[in-house]
Engineer: 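My questions all concern the structure below.
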Amino acid sequence: MKFNVSSQALYGITSSVSKIISAKNPIQILNNFLFTLDGNELIVKAADMENSLVGRIEVTEVDGEGSFCLDARRIVELLKLMPDQGLQIEVAENLDVTIKYNNGCYHTMAVSGMEYPTADQNPDKATQTIQFTAPGEVVMKGIENTLFAVSNEELRPQLTGILWDIKPDCIIFVSTDTRKLVRYTNSTVAPQQQCSFILPLKGASVLKNVFAKEETIRVTVSEVNVVFESATFTFDCRLIKGVFPDYNRVIPANNPYILTVDRQLLLNAVRRVAVFGDEGLNLIKFKFAGGSLTLQACDQGYGTSGWESVPCDYNGADMMMGFASLYMLEILSTFSASEIVMKLADPSRPAICLPVDDSTDTELLMLLMPMTIVE
């Protein structure tokens, strides 16, 4: 079989699809791409032990059809270094592969496509599914706002992914590592379905990197896996088993004290004050008093300390709260609003952070647990 294809177009597909390949595969064949030529379409597939990712690209001057496997790393590296030009790829019956272009020619040996694992070899595939369609922008926003708060503790696998809580009139994305929690609600989508699933961290990262430019994504959910499909890619991802904690229970219903502050000013102040704090504890004291906010940090081991006053609008009782600078920086960096609101109650209860300019169709809420202050 043989076909012609643009080198840069093929590089775009193969580099995207390669993101699913694990660094260390227990099965050698999974270090390869599976190429399938079907009419004028070239299908490129990669997989690990639980997930698979497929990309599709149009080709020209096709002669024959079939499938073959090539080493993924070698192909991506070659295409990355190649200028944008037409390629002619020919696969002989003995699986000798020839890649030709204007001023070069490369030979390599392929592996039969019959040796590549297929979806039919997965006995856990469920038959009952729920399907809905969402704009790519909505999916990307949900992942971008929650990805940083995913836990990495393997003892609680339910927290090592992003919860998709699908409602008939909205989609809710939630993640937590027990120290911070993010809930992003988007009502611009009405799935007309109800279900929930936990998307693993790797799956969320692949979806964010590969589907970023896709306009529409069709989501098909079963008991054990979820399939994301666009015009160019199809991503089959194994879900995390278990039940995600009731996220609404940990969000305080009444935090009466309100702080409104410029997000960038607070972000920069936290960065500066954290330099003089204890790198182990990452503790910064937030002093709310007299309608103002003062940040304080110290490292007694090195004899360093610092404080900084931040302009704000605060309506509440005087108090001192401790927050981990690392987590506060993550939250402030994820928000895009120019101003944020912090809703507070007392030093032992979590702070709720919200953007001032949230639209009527979306809500982004972040919760941060306080740290104990020892005087």
Side-chain angles (χ1 to χ4, degrees), residues 9-38 41-59 65-76 79 110-134 136 139-140 143 157 160-162 164 197-214 216-241:
L10 186 58
Y11 171 65
I13 290 293
T14 54
S15 63
S16 295
V17 172
S18 69
K19 290 178 173 57
I20 198 66
I21 299 176
S22 299
K24 295 182 179 179
N25 277 310
I27 304 177
Q28 183 66 27
I29 192 67
L30 294 180
N31 292 322
N32 291 261
F33 290 128
L34 172 63
F35 291 91
T36 302
L37 187 59
D38 184 8
E41 185 176 65
L42 179 66
I43 303 169
V44 185
K45 179 180 179 180
D48 58 18
M49 294 297 293
E50 296 183 339
N51 314 299
S52 67
L53 181 59
V54 172
R56 294 171 287 274
I57 183 175
E58 288 189 6
V59 294
E65 61 181 23
S67 62
F68 58 96
C69 300
L70 289 177
D71 180 81
R73 182 195 60 80
R74 193 184 303 273
I75 291 299
V76 171
L79 295 172
V111 177
S112 171
M114 299 295 291
E115 297 187 23
Y116 203 88
T118 64
D120 296 336
Q121 296 172 353
N122 184 356
D124 295 330
K125 288 285 185 180
T127 55
Q128 295 184 346
T129 60
I130 292 176
Q131 190 174 99
F132 61 92
T133 301
V139 175
M140 293 307 110
I143 294 176
T160 60
I162 298 174
W164 292 48
F197 61 89
I198 306 173
L199 183 67
L201 177 61
K202 180 178 179 178
S205 299
V206 169
L207 195 60
K208 175 186 174 184
N209 292 327
V210 174
F211 287 74
K213 296 181 180 180
E214 301 300 305
T216 304
I217 300 174
R218 184 170 60 191
V219 185
T220 304
V221 188
S222 72
E223 186 177 347
V224 297
N225 75 306
V226 58
V227 177
F228 301 95
E229 188 172 5
S230 68
T232 308
F233 298 101
T234 300
F235 177 36
D236 188 335
C237 180
R238 180 71 64 90
L239 298 174
I240 295 176
K241 295 181 180 180

Engineer: For the CG atom of D71 and the CD atom of Q28, what is their distance to the nearest 0.5 Å?
Structural biologist: 8.0 Å

Engineer: Heavy atoms only: give me the nearest E223-L239 pair and the separation to one decimal.
Structural biologist: O-CD1, 4.4 Å

Engineer: In Å, rounded to the nearest 0.5 Å, how long is the span from CG of N32 to CD1 of I75?
Structural biologist: 9.5 Å

Engineer: For residues I21 and F33, determine if any side-chain heavy atom of one lies less than 4.5 Å from a side-chain heavy atom of the other.
Structural biologist: yes

Engineer: How about T36 and K45: do any of their side-chain heavy atoms sit closer than 4.5 Å?
Structural biologist: no

Engineer: Please state whether the rings of F233 and F211 are parallel, tilted or perpendicular, taking 30° and 60° as the class boundaries.
Structural biologist: tilted

Engineer: Using the side-chain hydrogen bond (donor to acceptor under 3.5 Å, both in side chains) rule, collect all pairs that involve residues 13-23, keeping only residues at least two apart or in two chains.
Structural biologist: S22-K202

Engineer: Going by the rule salt bridge (Lys or Arg N to Asp or Glu O under 4.0 Å), which residues pair with R218 if we only count those two or more places apart in sequence or in a different chain?
Structural biologist: E229

Engineer: Please give me the minimum heavy-atom distance between E115 and I29, naming the atom from each residue.
Structural biologist: O-CG1, 4.0 Å

Engineer: Can you tell me if D48 uses its side chain to pair, donor with acceptor, with the backbone of N51 under 3.5 Å?
Structural biologist: yes

Engineer: Evaluate F235 against V210 for side chain to side chain contact (heavy atoms under 4.5 Å, CB included), listing each step before the verdict.
Structural biologist: CA-CA 9 Å; F235 177 36; V210 174; over 6 Å; no

Engineer: Which distance, rounded to the nearest 0.5 Å, do you find between the CD1 of I43 and the CG of D38?
Structural biologist: 5.5 Å

Engineer: Search all heavy atoms of P200 against all heavy atoms of R238 and return the closest pair with its distance.
Structural biologist: CG-O, 3.2 Å

Engineer: Check for a donor-acceptor pair, side chain of N25 on one end and backbone N or O of I27 on the other, with a separation under 3.5 Å.
Structural biologist: no

Engineer: Give me the ring orientation class for F68 and F35: parallel if the planes are under 30° apart, tilted from 30 to 60°, perpendicular past 60°.
Structural biologist: parallel

Engineer: Would you name the heavy atoms of A204 and I162 that are closest together and state the gap between them?
Structural biologist: CB-CD1, 3.9 Å

Engineer: Side chains of V76 and Y11, heavy atoms from C-beta outward: is any pair under 4.5 Å?
Structural biologist: yes

Engineer: Given side chain to side chain contact (heavy atoms under 4.5 Å, CB included), test Y116 with L30 step by step and report yes or no.
Structural biologist: CA-CA 8 Å; Y116 203 88; L30 294 180; 4.0 Å; yes

Engineer: Give the minimum heavy-atom separation between G203 and C237, together with the two atoms involved.
Structural biologist: CA-SG, 4.0 Å

Engineer: Do the non-hydrogen side-chain atoms of I57 and L42 ever get within less than 4.5 Å of each other?
Structural biologist: yes

Engineer: Do T234 and R56 have side chains that get closer than 4.5 Å, going by heavy atoms?
Structural biologist: yes

Engineer: Can you spot which of V139, V221, V226 makes a side-chain contact (heavy atoms from CB on, under 4.5 Å) with W164?
Structural biologist: V139

Engineer: Tell me the closest heavy-atom pair linking C69 and L34, and the distance in Å.
Structural biologist: SG-CD1, 3.8 Å

Engineer: In Å, rounded to the nearest 0.5 Å, how long is the span from CG of L10 to CG of L79?
Structural biologist: 5.0 Å

Engineer: If you measure from CD1 on I20 to CG on N209, what distance do you get to the nearest 0.5 Å?
Structural biologist: 11.0 Å

Engineer: Tell me, please, which residues at least two apart from T216 pass side chain to side chain donor-acceptor pair (under 3.5 Å).
Structural biologist: none

Engineer: When you measure from the side chain of D236 to the backbone N and O of V227, does any donor-acceptor pair fall under 3.5 Å?
Structural biologist: no

Engineer: Out of curiosity, E41 CD to E58 CD, how far, rounded to the nearest 0.5 Å?
Structural biologist: 7.5 Å

